[in-house]
Amino acid sequence: MAYAALSAAQWVVGKRWPPLQMACWRLGCHQELCPNIEALSTELLLVKATLEQAAHKELGGMAMEMLLQKMRDSAQNAEDLLDELEYFASTTSSMAPVGKMVNCCAWQRAKRRQRSRNYSSSSPNVNQEVSGCMPKFGKLLPFSSSPHPNIGDDDRGNEQETPKLKFNRVDFSQRMKGIVEKLQLMRNEINKILIHCEPRTVQDITQSRPITKGRIDEPKLYGRDHVMNSIIHDIIEGQYRDNCLTVIPVVGPGGIGKTTLIQHIYRSQQVQNHFPVMIWICVSLSFNLDKVLEQIKTCTPAVEKEKIGSTTEDLIEQRLKSKRLLLVLDDIWQISNGDDWGKLVSTLNQSQEKGSMILVTTRFQAIAQKVKETGHSIELNGLESEEFRKLFLAFVFGDEQYPRNKQFLLETGDKIMEKLKGSPLAAKTVGRLLSKDLTLGHWKKVLKGKGWEKQTDGNEIMPALKLSYDFLPFHLQQCFAYSALFPEDYHFRSDELISLWIGLDILILNGHNQTFEDIGLSNLNELVIHGFFREEEIDVGLCYVMHDLLHDLALKVASHDCLNLHLPGVGSVEIQPTTRHLSIITEDFGTYDVVSGKKIKSELEEVKRILKVEHLQTLMLFGIIHKGFVEIFGDFFAEVNILRVLHFPSMLCPMESMLHNFSGLVHLRYLCLGTNKSRMHLPLSISKLYHLRILDLQLWDGSRDLPEDMSNLAKFIPAEEAAQAKLMEKRYLRRLTLEWDSERSSVEPGVEAVVLESLQPHGDLQVLCIRGHRGLSCPTWLGDEFAIEALRSLYLDGVSWEVFPSLGKAWDLRELILEHIDRLKEFIIEESFCMLIKVELIGLGSFEKWVYPTEQESSLGGYLLPPNAHMFPLLQVLVIRKCPKLLGLPFSNHIVSPDWFPKLQELEVCDCPEFLPVIPISWIESLCSVTIKCVKLLEEFAYSKSSNRVELEIIGKGDLHSLDQVLVFDKETGLEKLTLRQCPPLELKHLLMLTSLKTLFVQNSNSLAGPLGGQDDVEWQLPIEHISIDVLNGNSGQELTELLPHLPKLSKLDISNCENIKKLVVEVELQQTTSEASEMGGREITAAVEEEDDGVLLFPPHLCDSLLELKFYRCPELVLVDPPTLVPGGGGLQALRSLQRLNINWSPKFLSTFSFSRHLFPSSLQFLTLWDVEGMGTLEPLSNLSSLTRLELHGCGEDLKCQGLWSLLTTGGQLNELEVKGSPRFFADWDPNPRRALEDAEEGEEQQTQFVSSTLQELRTDDIAGLFAAPVCRFLSSSLTKLRLDGYGSKGKERFIKEQEDALQLLSSLQELEELEFWSFKDLQQLPAGLRNLTSLKKLSFYGCPAVSSLPNDGLPESLQELYAADSCSKELKQYCRGLEGTIPKINIRH
């Protein structure tokens, strides 16, 4: 840490100090102050030299760190003093233009933002790069000459005319001398220590990293099975098998599991069998080509006749000439020499054997991009919550399941897990920390104090993350560390972060043509590349998010001078007296009262006891503060006077109420103000903040009238005064919004045209937004005399122009957005659009054609374009909405060129009724998303492509007659999921093109597929694994019968609402049986299939082995045909020997032809659902289902009895979840008699004391009377954990009879029942007695019990953790439950 303090001190003293001799002349104090300024400058130079010497020495521990921090603080005091001197010099000068006072004034657009309680900024951003100067006109500014009309009635607090600060030359002189003396003292002391320090040995920051090897460190891989299996498949059987050499980088932050994933791949038996040569190299910090080649040579077996004297490269080529290689390069941080990687690949690419691989792991996207020559990169994020939970529990308890007696820890554990955001290394670190002490107190202490931050072992999460931080150059370390001032899970706008960095003066200009915004954006992109931020697209645009663990790291590395304070509840936060940057986050403040006021005041006084408020340079406030607390905060902030950053985005009171000394904040660089109080005014004294660089009012919904002496930036009167803004002279202006009030009462087009003409900005402007202008043409500086050559983003909204900009000179234009423009009829495709990345055309009522410059008199079709014409070569996003006259995209039907839209990723077309879609997904490989809605022929067309799968959904209209009208099928080879609704049938030529299709959904259509003949008996197959059809009106059975034989991989089939499918026949392979049986079976099946118009669906024999899931839903005429049994166990569904899930819902005739005297379903079934399937009588036909774990029976006959259930619940059975409804006597008179299984025990031993355990864990039933019988309850008591009682069949039941209550007590002996639910007991008035005896019960719930008014008099079990009452329960019961608050941890009452 001493070297971090050294770097910070060097940065402060290394700043460019302003030349203040002229300031002394202006103030008339040249003789008094100039010698002191010279002395201070000399001393700072000496301090700088001392620090340079220290950089070459081995520094000590905490003592040296504290000395360096004190030196830094004194240097900052010097900076504040000189800053103040420059301010007073500026106030005496008549040459202080407003343009200098406010370099950029970022106003928000007229559309109001959604405000978020989670502090995330959600304001739109025309260009996500930077927030620059965006002065607004019209609606934002009053027409009256008074800057503050009706000031007496508005919310301005007690603000008076700003008093002018006075310059005290004596005070300045004394303060300057004091700073020089302090710096001299510390410099001398540090020099004395440095004499005895040894020269510094620069160590590799990664030397503490463990050397990874190919062995598996973590025996089980959690949450990455899919990724691992996909990579192994692609290597051995898939897309990489026939490549010469493929490189796959795996990228992700430290501790995310990159090495563990590759270790499991490396140790896979399939992989080891596939690669004769396997090499694992842990690269770490520096990729050294010579070392890597030497290790490869060492690990590669020698071959006969190797050439003596060969170079390392030649030897490797000779040895690998006929061998397949797997090389793992783990943990690459940088590749210093750009040619080294190419040389390595070239050396390894000489093998004659196909399929060699290089797997790379790295933390950095830049490395992944560099090495990814073939294949694709794999980005690892946090584990999904379920898998992460298993991993976490495994590290805590040594098993994925928690011990029953430790369940009380899980609520706290869940909160800890939420903080860790799926990081495997964090699970390991924190899990082991928690496992040391399995007490609630210890776990809560870890949660509250974030105990994982204090771990120091190199294999723990914080040191692993800090290694990435240490690798950053110092300027990026600062940018990252100060981001800790924002709350966790904050959604940063780019301009927010960059504005903070500018305000803190931590951005250093490197060249004459760079701006602070350029540097800030570059730094932000670097932090994204290094994994410290991730980009996230939300409703309002691009934002940046920091992982919670990285936020913890930022707080840790910035703890010397940054403090993130949560109120109420300062608690155990460690507050440093050196804090200069403070953010306060208010959570659950609520309304003000005496108690809460005293609590907050007490906490702030405790903070102030340590923290020196007068030294604060940054103050940020997040969250809403009730007016009652304002006085308390005002007192706390009373001594604030050297702030450089002030961030108050949610003000409810005037600024002067919170900061009494606001007018004296002469050092302020960045001011962010926000409010939703429409009558609140900006502080008058803003105009006196001469050092202010950024005024951010994007969240300001109050009065927008600027103070009078800033009016030359904000007046909207005649054109002469608009010209006084002199925007053309503001060469650092990057963003500009010009907005006219859409609700203004009168419009003068001529005047507005002149005003806009007068507002010409500097040619370096990058972002321009013009909204609501009612002039008749665009300004000349945007038209023929295009003068904004640096323009990157143009946004025109609601303008009334007849003449539009000629953008032929806008060669740097990246974004073009046109909204709500009625007169625009054609869109000219300029050659200058070669840099466009995003185009949005929205609400263009007259837009009807695209025009190429040479063809402006006729509409643009593909045949009109020059043969070599480009078409948006870099465009990534194209959005077209509400253009009622537009006929299509700028090309004719199916005429395409590889030069058109080659980079397009996102296409959206909505509400364009004349738009004829020609969907380009087949020839634009870069497309990731297509959304088309409410156009000609289509209700919707939705296409998405990700690393996981390619999906397409088409919803047609009545005039869509063929899919060829909207889709070019000849190149859709990558499509994996296809959904068709209201569409014409798929034709055979379409199906043959879909060579990757795995899932096919067809709904609300006439047919599934057209005729499938015409291939001259050529065998063809499709890789479809899942088919779902719903509401098909054609001969669905015949179509499926023809299609299924061509689907050898089909594993899931869903058929819903198909009335025309009437018979199901399952065909089996005819094995060696009697010829008579063979002939008979064959004739009957053939007859059934060929019977005309009979709606027969025939399952081909291969489904017996491939089909895993089958569902029939609302097929009222469907009957399962019961052919003669041709082989033992064959016939019917019994033949589907791999079937695991079966759902038959509301298809009452399905089993009507079967005899229930034998087994109906294959023994492979694990899940069975039968709804309204009557006739079974008992469960004996299901008794063979030894693999069944879940059984649902709804409405399967009032006479259905549970005989046969016993075999599913005892030895040999696996049923653990049962739901039975609509069979009111299901359990009646049932005596499971578990001794029955032992009756045949040898030698007649007495076994009456032994019982067979039940496997049932969850039961839902409406047979209350049958269930609450002693034999049944006794049998279930060994396993049942969740019981749901439904009152549908208990009409008129007001209470449980004594025998039922006694039977319920049998469940009290078990230690398993954790959840009990009462559902829809309309007449029940009294719950059964004895619930208190259910000693394991954790949750008790009531749904639809309107007559129950209280709980049992003898109380509830002490084990109860949660009590739930739904909104359909009585008011009395809800009130009764409320009375138990405090005795039960969680009481949930729905209203």
Begin from the C-alpha positions of Leu807 and Leu816 and carry the test side chain to side chain contact (heavy atoms under 4.5 Å, CB included) through to its verdict.
CA-CA 10 Å; Leu807 299 175; Leu816 178 60; 4.2 Å; yes

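- With sequence neighbours excluded, the residues forming a side-chain contact (heavy atoms from CB on, under 4.5 Å) with Ser583 are Leu485, Asn564, Met620, Phe622, listed by chain and number.
- In this structure, CG in Leu794 is found 9.0 Å from CD1 in Ile817, a value given to the nearest 0.5 Å.
- Checked against a 6.0 Å centroid threshold, the rings of His491 and Tyr544 do not count as neighbours.
- Atom CG of residue Leu695 and atom OH of residue Tyr670 lie 10.0 Å apart, to the nearest 0.5 angstrom.
- Not a single donor-acceptor pair under 3.5 Å links the side chain of His647 to the backbone N or O of Thr618.
- What you find for Ser650 and Gly623 is that their closest heavy atoms are CB-O, 3.7 Å.
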Could you walk me through whether Ser483 and Tyr490 pass the side chain to side chain contact (heavy atoms under 4.5 Å, CB included) test, one step at a time?
CA-CA 10 Å; Ser483 305; Tyr490 192 82; over 6 Å; no

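- A cation-pi geometry, defined here as NZ or CZ lying under 6.0 Å from the six-membered ring centre and within 45° of its normal, holds between Arg693 and Phe516.
- Between the CZ atom of Arg644 and the CD atom of Gln617 there is a distance of 5.0 Å, given to the nearest 0.5 Å.
- Taking Phe533 as the reference, Phe492 meet the ring-ring contact (aromatic ring centres under 6.0 Å, His included) condition, with sequence neighbours excluded.
- Minimum interatomic distance between Leu736 and Pro761 (heavy atoms only, all atoms of both residues): CD2-CB, 4.0 Å.
- Residues satisfying the side chain to side chain donor-acceptor pair (under 3.5 Å) criterion with Trp801, sequence neighbours excluded, are His773.
- At least one side-chain heavy atom of Ile770 sits under 4.5 Å from a side-chain heavy atom of Trp740.
- A distance of 10.5 Å separates CG in Leu836 from CG in Leu878, rounded to the nearest 0.5 Å.
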Worked check of salt bridge (charged side-chain N to carboxylate O under 4.0 Å, His left out) between Arg679 and Asp701:
CA-CA 9 Å; Arg679 298 174 68 83; Asp701 286 333; over 6 Å; no

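- Using a distance-only test at 3.5 Å, with no hydrogens or angles considered, a donor-acceptor pair links the side chain of Thr675 to the main chain of Met651.
- With contacts defined as side-chain heavy-atom distances shorter than 4.5 Å, the pair Leu671/Ile694 does not qualify.
- The aromatic rings of Phe847 and Trp850 sit perpendicular to each other, their planes meeting at more than 60°, with 30° as the lower class boundary.
- By the 4.5 Å heavy-atom criterion applied to side chains, Val839 and Phe833 are not counted as neighbours.
- Taking OG from Ser663 and CG from Leu689, the interatomic distance works out to 9.0 Å, rounded to the nearest 0.5 Å.
- In terms of the side-chain contact (heavy atoms from CB on, under 4.5 Å) criterion, residue partners of Ala787 (sequence neighbours excluded) are, by chain and number, Gln760, Trp781.
- Checked by atom type and distance alone, the side chain of Glu752 never pairs as donor or acceptor with a backbone atom of Pro749 at under 3.5 Å.
- Taking the side chain as every heavy atom from C-beta outward, Tyr795 and Glu815 never approach each other to under 4.5 Å.
- Taking each heavy atom of Gly783 and Cys778 in turn, the nearest pair found is CA-SG, 4.0 Å.
- For the pair Ile837/Leu875, no side-chain contact is recorded, criterion being any heavy-atom separation below 4.5 Å from C-beta on.
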Quick one, Glu908 with Arg881, criterion salt bridge (charged side-chain N to carboxylate O under 4.0 Å, His left out). Give me CA distance, side-chain angles, the key distance, then yes/no.
CA-CA 8 Å; Glu908 178 184 338; Arg881 298 190 202 119; 2.6 Å; yes

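- Residues that satisfy the salt bridge (Lys or Arg N to Asp or Glu O under 4.0 Å) test with Arg774, not counting sequence neighbours, are absent from this structure.
- Partners of His475 by side-chain contact (heavy atoms from CB on, under 4.5 Å), not counting sequence neighbours, listed by chain and number: Pro473, Asn523.
- Summarising the geometry, atom CD1 belonging to Ile828 is positioned 10.5 Å from atom CZ belonging to Phe804; distances are rounded to the nearest 0.5 Å.
- For the pair Leu697/Leu673, a side-chain contact is recorded, criterion being any heavy-atom separation below 4.5 Å from C-beta on.
- Qualifying ring-ring contact (aromatic ring centres under 6.0 Å, His included) partners for Phe480, counting only residues two or more places apart in sequence or in other chains: Tyr469, Phe532.
- Under the ring-ring contact (aromatic ring centres under 6.0 Å, His included) criterion, His667 pairs with no residue, sequence neighbours left out.
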Are Glu517 and Arg734 close enough, and set up right, to give a salt bridge (charged side-chain N to carboxylate O under 4.0 Å, His left out), and what steps lead you there?
CA-CA 9 Å; Glu517 288 85 357; Arg734 291 295 176 266; 5.6 Å; no

When you look at Gln766 and Asp812, which way does the side-chain hydrogen bond (donor to acceptor under 3.5 Å, both in side chains) test go after all the steps?
CA-CA 9 Å; Gln766 294 182 357; Asp812 207 21; over 6 Å; no

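- Under the salt bridge (Lys or Arg N to Asp or Glu O under 4.0 Å) criterion, Glu535 pairs with no residue at all, not counting sequence neighbours.
- Between the Asp696 side chain and the Gln698 main chain, a donor and an acceptor come within less than 3.5 Å of each other.
- Residues passing the salt bridge (Lys or Arg N to Asp or Glu O under 4.0 Å) test with Glu840 are Lys838, sequence neighbours excluded.
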Steps toward side chain to side chain contact (heavy atoms under 4.5 Å, CB included) verdict (Arg823, Leu776)
CA-CA 10 Å; Arg823 299 183 180 182; Leu776 297 179; 3.7 Å; yes

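- In terms of the salt bridge (Lys or Arg N to Asp or Glu O under 4.0 Å) criterion, Asp822 has no residue partners (sequence neighbours excluded).
- Residues forming a side-chain contact (heavy atoms from CB on, under 4.5 Å) with Thr780 (at least two apart in sequence, or on another chain): Glu757, Glu785.
- At least one side-chain heavy atom of Leu841 sits less than 4.5 Å from a side-chain heavy atom of Phe827.
- In this structure a side-chain-to-backbone donor-acceptor pair under 3.5 Å is present from Ser758 to Val754.
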Does Leu619 form a side chain to side chain contact (heavy atoms under 4.5 Å, CB included) with Val645? I'd like the steps, not just the answer.
CA-CA 6 Å; Leu619 179 57; Val645 171; over 6 Å; no

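- Of all heavy-atom pairs spanning Leu813 and Ser793, the tightest one is CD1-N, 3.9 Å.
- Within the 4.5 Å cutoff, the side chain of Leu652 has heavy atoms near those of the Asn676 side chain.
- When all heavy atoms are compared, the tightest approach of Met655 to Pro683 is CB-CG, 3.7 Å.
- Across all non-hydrogen atoms, the minimal contact from Leu646 to Leu665 is CD2-CD1, 4.3 Å.
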